K.L.:
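Pasting in a structure now, in structure tokens, and then I'll have a few things to ask.
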Amino acid sequence: MSVRNVFTIGVTAVICASSLLPTSAFANTSSELKNKKETIQEQRSSIQSEINGAKGEINSLESEQKKVVQEIERLDLAVAVTSEKIRGKEAEIAKTKEDIEALKKEIEVVAERIEKRNEILKDRVRSIQQSGGTISYLDVLLGVQSFSDLISRINAVTTIVEADKDLLKAHQEDKLLKEEKEKEFNNQLSSLENGLTDLEQLKKQLNSQIDEKTNFMKRIEEEHEQLSRELDKLQDEEAALAALEGQVQSEMKRLEQERQKSVQNGEKVITGSGRLSSPMAPGSFRISSTYGWRVHPVHGTRKHHNGVDFAAPVGTPIYASDSGYVLYAGAANGYGNWIVIDHGDLITIYGHMYSNQVYVSPGERVEKGQQIAAVGSDGYSTGPHLHFSVSRGGSLTNYVDPMTLLR
């Protein structure tokens with residue numbers, strides 16, 4: 001930026017000095033100005049390439065932002081679905097625990113039956129042990145009273161034996177039932193608890209991914225903000241070069257006019273009185289922002305305000321602060337539309353007009369107090385107003401407080 005500033009001052013110095021040269025030097029000066037104009041155009045082309053590159057990066061970042069937002073939304077949905085599954089799994093676990101409690105009661109009943117059978121079986125074992133391990137059929141026969149009594153006693157023995165078999169079978173079945181049900185419910189509960197652990201781990205991973213994407217989004221936003229600031233600077237530089245190109249073009253036109261008039265006495269062309277008047281009529285405006293450092297109302301960044309803002313309704317007349325030549329009139333980044341007038345040692349700048357409210361053209365001579373435009377709100381503007389700047393030394397880099405020069 002400093003190199004461009006030096007270049008700007010050098011070009012404007014040539015322009016100002018050219019008004020002191022005799023007509024015989026016009027051809028050389030015009031050639032120099034033409035070369036300067038070509039150099040400026042090359043610089044503008046280079047900056048425009050940088051601007052396009054910055055815009056491309058910004059567009060790429062915005063596209064990436066959209067993808068990240070979509071990914072975060074997908075992850076949020078996945079978390080919601082997983083949370084619902086966790087609630088369902090927790091409900092299943094609660095139901096299984098209720099079933100286990102009910103099973104415990106059933107098992108208690110089965111256990112009681114098993115315990116009772118154990119007592120019966122113990123009695124039966126003791127009886128068998130006392131009888132030598134077999135039922136004494138001789139004892140049964142010796143006590144027979146009749147044949148029918150014999151048959152009855154044999155049937156009774158057979159019934160006892162069969163009852164013992166049934167008792168053992170039922171005993172074994174109850175034991176198996178108890179073990180299987182306990183195993184079934186414990187396996188089911190273990191499976192549900194493992195599933196719940198897996199879901200909770202998945203939810204944790206999803207939340208971690210959301211945090212990662214959110215942090216990535218923050219980095220993208222910071223980079224986007226930095227690129228936007230750089231783009232603003234590039235556009236300001238491009239606007240300054242555009243104004244400088246207009247200044248060179250205007251001076252070339254003026255030199256050509258002087259040549260056509262064949263003015264050869266070497267007198268300096270007086271372009272201004274050196275005393276500035278207010279660019280707007282008294283009572284038609286209020287000052288909404290002064291010269292100096294401030295927080296930019298659009299960007300929200302702290303920047304140096306190189307002029308004074310005159311707030312007024314749209315269409316309020318704007319006048320030339322002094323006589324001079326129009327260097328630039330038309331579109332400009334940031335200013336929307338602006339007018340730049342050369343008064344010799346001073347240059348005045350008027351910004352934020354709508355395009356249809358700019359009434360002068362580059363190279364045109366204007367007189368002090370002549371209406372040149374009307375208030376608008378184009379460019380970086382929060383409301384209708386005139387941005388009015390003054391620069392010394394015939395350049396657009398040596399800004400001063402306009403209020404110190406108005407008479």
Side-chain angles (χ1 to χ4, degrees), residues 12 15 37 40-41 44 48 51 232 235-254 257 271-272 276-282 284-289 297-298 305-344 346-391 394-396 399 402 405-406:
T12 52
I15 293 171
K37 179 181 177 181
I40 293 170
Q41 288 175 336
R44 286 188 67 190
Q48 191 59 53
I51 288 173
D232 287 342
Q235 289 175 332
D236 287 344
E237 290 181 34
E238 201 280 335
L241 284 172
L244 188 57
E245 183 182 347
Q247 188 176 359
V248 172
Q249 181 65 36
S250 177
E251 186 63 15
M252 290 173 68
K253 183 176 181 180
R254 188 180 70 80
Q257 290 172 344
T271 58
L276 303 180
S277 61
S278 173
M280 297 180 68
S284 65
F285 65 88
R286 67 177 179 84
I287 294 178
S288 58
S289 186
V298 175
H305 189 223
N306 61 17
V308 176
D309 289 345
F310 292 76
V314 171
T316 302
I318 299 171
Y319 305 102
S321 285
D322 201 356
S323 300
Y325 286 93
V326 177
L327 299 178
Y328 193 84
N333 287 319
Y335 288 115
N337 288 282
W338 70 350
I339 296 172
V340 180
I341 302 176
D342 183 5
H343 309 286
L346 298 178
I347 289 179
T348 54
I349 302 161
Y350 312 76
H352 298 306
M353 295 80 68
Y354 295 124
S355 59
N356 62 349
Q357 292 176 328
V358 175
Y359 307 141
V360 293
S361 302
E364 180 181 342
R365 178 175 174 80
V366 295
E367 302 300 325
K368 185 174 185 177
Q370 175 184 335
Q371 184 176 357
I372 57 173
V375 171
S377 186
D378 209 345
Y380 296 150
S381 172
T382 57
H385 72 283
L386 164 67
H387 172 89
F388 180 63
S389 292
V390 180
S391 184
S395 76
L396 287 175
Y399 291 105
L405 300 174
L406 297 182

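What you see is a predicted model, and the numbers here were worked out from it, not measured in a lab.
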K.L.:
Please verify the inter-ring angle class for F388 with F310; under 30° counts as parallel, over 60° as perpendicular, anything in between as tilted.
P.N.:
perpendicular

K.L.:
Provide the closest heavy-atom pair for P282 versus F285 in the form atom of the first, atom of the second, distance.
P.N.:
CA-CE2, 4.3 Å

K.L.:
Taking all non-hydrogen atoms of both residues into account, name the closest pair between P384 and P313 and its distance.
P.N.:
CB-C, 4.5 Å

K.L.:
Can you list the residues that meet the side-chain contact (heavy atoms from CB on, under 4.5 Å) rule with A373, with sequence neighbours excluded?
P.N.:
I318, I339, M353

K.L.:
CG/N306 to NE2/H387 distance, rounded to the nearest 0.5 angstrom?
P.N.:
4.0 Å

K.L.:
Taking T348 as the fixed residue, which of I341, D322, L405 is the one that meets the side-chain contact (heavy atoms from CB on, under 4.5 Å) rule?
P.N.:
I341

K.L.:
Would you give the length of the straight line joining atom OH of Y350 to atom CH2 of W338, rounded to the nearest 0.5 angstrom?
P.N.:
13.0 Å

K.L.:
In Å, rounded to the nearest 0.5 Å, how long is the span from OH of Y328 to CD of Q249?
P.N.:
12.0 Å

K.L.:
Please state whether the rings of Y335 and H352 are parallel, tilted or perpendicular, taking 30° and 60° as the class boundaries.
P.N.:
tilted

K.L.:
So which atom in R365 and which in Q370 form the shortest heavy-atom distance, rounded to 0.1 Å?
P.N.:
O-OE1, 4.4 Å

K.L.:
For residues V390 and P402, report the shortest heavy-atom separation together with the two atoms involved.
P.N.:
CG2-CB, 3.8 Å

K.L.:
Name all pairs fulfilling the salt bridge (charged side-chain N to carboxylate O under 4.0 Å, His left out) condition that reach into residues 308-318, sequence neighbours left out, sorted by first residue then second.
P.N.:
R294-D309

K.L.:
Closest heavy-atom contact between H385 and A311?
P.N.:
CB-CA, 3.7 Å

K.L.:
For A329 and S361, which heavy atoms make the closest approach, and how far apart are they?
P.N.:
CB-CA, 4.3 Å

K.L.:
Give, for atom CD1 of I347 and atom CD of Q247, the distance between the pair rounded to the nearest 0.5 Å.
P.N.:
4.5 Å

K.L.:
Quick one: CG on D342 to CG on L327, what's the gap to the nearest 0.5 Å?
P.N.:
5.0 Å

K.L.:
Treating S321 as the side-chain partner and S278 as the backbone partner, does any N or O pair qualify as donor plus acceptor under 3.5 Å?
P.N.:
no

K.L.:
S391: what forms a side-chain contact (heavy atoms from CB on, under 4.5 Å) with it, not counting sequence neighbours?
P.N.:
S395, N398, Y399

K.L.:
Measure from the side-chain N and O atoms of T316 to the backbone N and O of V375, and report whether any donor-acceptor pair falls under 3.5 Å.
P.N.:
no

K.L.:
So, the side chain of H343 versus the backbone of S323: is there a donor-acceptor pair under 3.5 Å, distance only?
P.N.:
yes

K.L.:
Could you give the distance from CD (E237) to CD (Q48), rounded to the nearest 0.5 Å?
P.N.:
12.0 Å

K.L.:
Would you say that S377 contacts Y354 through its side chain, given a criterion of any heavy-atom pair below 4.5 Å between the two side chains?
P.N.:
yes

